[in-house]
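The structure presented is a predicted model; accordingly, all values stated were derived computationally and were not measured.
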Amino acid sequence: MTLKRGIIYKSDLPHFEDQLTINTGTSPAVGDADIYYMPNSFIPKRDWQTINGAARALLSERSPKTCSNNIIQVGQVPTFIEDTFGQIRLHDCINPDDVLPTVRKHEEIVKQLTIELDSFFERFSSTKQYKYHRITRAMPNRDTITCHYRNERFIYIGLHVDRSRSYKLHTAYRSGNRISINIGNESRYLATVNLTLIQAYNMIRKKNLAGAEITPYNIANLFFEHYPDYPVIKIEIKPYQYYIAPTDNFFHDATTMGMKSVDITLVYTGNFDLV
């Protein structure tokens with residue numbers, strides 16, 4: 001299936017197009033002895049390839065209606081912020097459980113880092129309305145990483161939409177967005193579907209002959225059930241690069257396939273509208 005015009009991928013990084021790859025769709029997630037998935041979860045196929053010129057142009061083509069709720073922006077944090085992160089020595093962390101204790105040991109550096117990040121983030125927010133969300137830690141070599149801890153095991157959910165706040169499908173575009181910085185040792189990857197929730201909703205309605213109710217809770221499952229051959233775009237996020245994205249408004253998840261070290265990111269949520 002060919003790409004439709006939807007989410008815009010934006011960056012001032014040199015050769016950013018080389019950080020984008022595309023595949024041929026999704027498949028139902030199948031767990032094993034160590035990895036459990038929620039029922040009806042879907043993950044990207046692994047047949048990643050270079051994106052051709054026509055598709056690259058479509059992903060970067062902006063319109064008068066382009067705004068922060070349909071743009072994924074990728075960039076690099078300033079060197080002085082990278083240097084401050086380096087003083088916390090997160091690169092020494094071997095396991096996900098090592099990360100937060102390491103951060104707590106460097107309280108004064110974290111305070112300085114918070115000041116530096118606040119100054120940096122202001123350039124992306126006209127309202128200055130954003131807040132620290134969390135530091136995420138994930139194992140390497142996972143098709144997707146988002147999971148819930150239930151009954152003493154991690155249950156992965158596959159490609160999904162976030163629910164940063166309560167919304168209906170037709171109001172998801174108002175949910176704001178988030179900035180996520182890769183503070184780990186290796187490149188990590190964001191798997192994305194370049195459609196807004198309204199676009200996905202309208203596509204499902206064309207095929208949803210049984211008339212099932214479409215909600216923020218089941219829209220991902222219904223979309224991938226009906227459109228398993230819709231391509232997924234994977235974005236490489238190198239160490240100390242960031243992305244700003246409206247993750248309540250499109251299907252996505254990070255993937256750590258091919259990584260060898262723990263995946264670590266710093267996430268702020270809010271109103272990052274100066275794109």
Work out which heavy atom in [X] is nearest to a heavy atom in [Y]; give both atom names and the distance.
X    : Y    : answer
L159 : D253 : CD2-N, 3.8 Å
T50  : I22  : O-CG2, 4.0 Å
S187 : P239 : N-CD, 3.8 Å
Y189 : M257 : CE1-O, 4.4 Å
A55  : L3   : CB-CD1, 3.9 Å
Y156 : S41  : O-OG, 4.0 Å

| salt_bridge(D162, R178) N-O dist < 4.0 Å |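 Salt bridge flag = yes for R178 with D162.
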
Should the heavy atoms of other residues, nucleotides or ligands under 6.0 Å from [atom1] of [X] be counted, would the total exceed 12?
X    : atom1 : result
D12  : CG    : no
K128 : NZ    : yes
H15  : NE2   : no
R46  : CZ    : no
Y217 : OH    : no

Does either side chain, that of [X] or that of [Y], offer a donor lying less than 3.5 Å from an acceptor on the other one?
X    : Y    : answer
E108 : Q112 : no
N271 : T127 : yes
Q241 : Q19  : yes
R142 : T256 : no
N177 : Y130 : no
T24  : D47  : yes
S68  : D273 : no

Any side-chain heavy-atom pair of [X] and [Y] under 4.5 Å:
X    : Y    : value
F250 : V161 : no
M259 : R188 : yes
I145 : T255 : no

| What about Y242 and F121, are their ring centers closer than 6.0 Å? |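 Aromatic pair excluded; centres sit 6.0 Å or further apart.
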
| said: Please report whether the ring centroid of Y268 lies less than 6.0 Å from that of F272. | reply: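 So the answer is no for these two rings.
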
| Test log, rule salt bridge (charged side-chain N to carboxylate O under 4.0 Å, His left out), inputs E61 and R5 | CA-CA 8 Å; E61 183 176 327; R5 182 176 288 104; 3.2 Å; yes

[X], [Y]: one ILVMFWY side-chain cluster at the under-4.5 Å cut-off?
X    : Y    : answer
M1   : I43  : no
V267 : L117 : no
I219 : F224 : yes
I264 : I94  : no

| message | Against F251, only a single residue in L197, V232, T192 fulfils side-chain contact (heavy atoms from CB on, under 4.5 Å); can you say which? | response |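 Of all the options given, the one that passes is L197.
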
| task | Mind telling me whether Y240 and F85 have parallel, tilted or perpendicular rings, with 30° and 60° as the class edges? | result |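 Aromatic pair F85/Y240 classed tilted.
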
